[in-house]
Amino acid sequence: MIEKDAVRQDKRKSRFCALCAQIRDYPRVSMPVKVHYVAMTKAKQIAADGSGPGRSHGAQSVDRALELLSLVAAQHGEGIKIPALVQRAGLDRTTVHRLIKALERHQLVHREARTEGYRLGLEAYALGQASMPRPPLVRQYTALMKSLARRVDEPLFLVARAGDYSHCLHMEAGSRPVKTFSETVGGIRLLGLGVPSFAMLSHMGDGEVLAHYERFQEEYLKNRMTLARLRRWVEEGRKQGFSHIHGKGVRGVGVRFSFGVSGEAALGFVAPSSRLSRNAAIDIGNWLRQEVVAMQTHARF
């Protein structure tokens with residue numbers, strides 16, 4: 001992101017300098033002071049907006065607005081103020097204010113009156129819900145999941161994070177399906193009560209993990225998940241690069257990955273403990289971690 005900002009700023013600076021040079025080259029006697037001032041002001045506007053000869057100002061505005069929307073999404077929890085948006089987007093304050101107000105009119109972002117920070121708005125939430133009958137994440141990774149499931153021949157799950165919970169989006173059953181597993185597709189559960197989702201919990205900081213557990217301590221204890229046990233598995237997951245969970249007759253491994261600006265998801269194999277030994281699970285976990293790394297590297301190019 002920093003590199004992109006630097007490149008963008010360099011381009012704007014070059015464009016601005018070139019325009020200023022052209023304006024300065026005009027004979028001052030033939031250009032009244034007022035006209036010279038207007039021309040220089042226009043040059044600054046072009047440099048800031050990224051528009052110019054041969055480029056669509058409308059398309060540039062859409063690009064800038066979507067970039068701002070992504071920045072707001074990345075800071076949805078805490079909110080982000082105008083000065084931070086100006087700094088991170090590399091745009092002038094006037095342009096940011098104009099574009100963020102357009103997003104606010106369409107309810108894609110919402111301004112908190114108390115903090116003056118921007119978060120995602122109601123329409124952004126509605127757009128996310130509209131995708132759920134056919135989640136883009138499932139479309140993106142179904143082929144890969146089928147390939148992975150054939151190689152391991154155990155059920156493979158795809159889950160996405162939804163705050164303190166994970167949402168099970170898809171399962172590839174393999175040739176040895178477990179009847180009860182299919183019932184979990186479409187359901188949600190706490191991050192610390194699912195095999196793939198535990199990988200997302202392990203990615204959180206210690207303070208976040210503790211706060212999460214305290215919010216749902218009663219439900220965790222009903223499932224015999226003490227804080228000490230949860231912390232132990234979190235630490236193991238961080239060291240290994242994948243979660244390895246066992247209990248209630250099942251064993252599994254999960255690997256977290258990111259998508260988009262701020263999305264989190266995980267892939268995980270889960271099987272009856274009688275079919276999946278500890279050593280086999282660890283081998284599969286290491287292999288799955290490598291496959292996810294390769295998947296994310298390919299997605300960037």
Side-chain angles (χ1 to χ4, degrees), residues 77 137 141 144-145 148-149 151-152 154-172 178 181 184 187-217 219-260 262-273 275-297 299:
L137 207 59
Y141 295 115
L144 175 65
M145 290 183 67
L148 297 178
R151 293 167 69 179
V152 176
E154 292 292 0
L156 175 62
F157 292 84
L158 171 65
V159 302
R161 184 175 176 182
D164 287 305
Y165 296 85
S166 68
H167 181 194
C168 183
L169 299 177
H170 186 64
M171 179 190 71
E172 288 294 332
V178 179
F181 283 6
T184 65
I188 64 170
R189 62 177 60 194
L190 284 172
L191 292 174
L193 295 180
V195 173
S197 62
F198 211 98
M200 295 186 283
L201 186 68
S202 297
H203 191 73
M204 294 163 57
D206 290 339
E208 292 178 291
V209 171
L210 177 59
H212 167 81
Y213 185 87
E214 289 178 342
R215 282 195 296 273
F216 302 98
Q217 182 174 4
E219 187 171 350
Y220 273 121
L221 291 178
K222 286 180 180 177
N223 287 272
R224 299 181 182 179
M225 178 66 76
T226 64
L227 179 59
R229 187 183 190 188
L230 182 136
R231 279 176 163 167
R232 184 175 71 252
W233 281 352
V234 162
E235 189 60 32
E236 288 178 359
R238 290 170 178 168
K239 291 179 179 178
Q240 297 172 152
F242 61 88
S243 62
H244 173 214
I245 309 300
H246 52 90
K248 296 185 178 181
V250 299
R251 183 186 296 274
V253 293
V255 177
R256 172 201 175 273
F257 66 93
S258 59
F259 64 94
S262 55
E264 286 186 80
L267 288 169
F269 285 100
V270 185
S273 299
R275 288 185 354 202
L276 190 62
S277 68
R278 181 181 185 279
N279 290 339
I282 291 176
D283 288 343
I284 292 172
N286 281 313
W287 170 77
L288 181 60
R289 176 173 52 82
Q290 295 171 3
E291 291 292 322
V292 169
V293 169
M295 173 189 77
Q296 295 237 270
T297 301

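Start at 1 with the first residue, then count along the sequence.
Ring-centre distance between Phe259 and Tyr141: not below the 6.0 Å cut-off.
Nearest heavy atom pair, residue Cys168 against residue Val159, reads CA-CG1, 3.8 Å. Of all heavy-atom pairs spanning Gly192 and Leu230, the tightest one is CA-CD1, 4.5 Å. The nearest pair of heavy atoms linking Gln240 to Asn286 is O-OD1, 4.3 Å. Leu148 approaches Leu156 most closely through the heavy-atom pair CB-CD2, 3.8 Å. Closest approach of Phe157 and Pro196 over heavy atoms only: CB-CG, 4.1 Å. Heavy atoms only, all atoms of each residue included: Val195 and Phe269 are closest at CG1-O, 4.1 Å.
Note that CD of Glu154 and CZ of Phe181 are 8.5 Å apart. Values are rounded to the nearest 0.5 Å. A distance of 7.0 Å separates CD in Glu264 from CE in Met200, rounded to the nearest 0.5 Å. Put simply, OH on Tyr165 and CD1 on Ile188 are 6.0 Å apart, with the number rounded to the nearest 0.5 Å. Expressed to the nearest 0.5 Å, how far CG of Asp164 lies from CG of Leu201 amounts to 9.5 Å.
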Using the side chain to side chain contact (heavy atoms under 4.5 Å, CB included) rule, take Glu291 and Met295 through it: C-alpha gap first, then chi angles, then the decisive distance, then the call. CA-CA 6 Å; Glu291 291 292 322; Met295 173 189 77; over 6 Å; no
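With Arg256 contributing its side chain and Ala199 its backbone, the two residues share no donor-acceptor pair below 3.5 Å. The backbone N or O of Arg224 sits less than 3.5 Å from a side-chain atom of Arg229, completing a donor-acceptor pair. Using modelled atom types, no side-chain atom of Arg289 and backbone atom of Phe242 make a donor-acceptor pair closer than 3.5 Å. Using a distance-only test at 3.5 Å, with no hydrogens or angles considered, no donor-acceptor pair links the side chain of Ser166 to the main chain of Arg161.
With salt bridges taken as basic N to acidic carboxylate O contacts below 4.0 Å, one links Glu235 and Arg238.
Between Tyr213 and Tyr220, the two ring planes are parallel [angle under 30°; tilted spans 30° to 60°].
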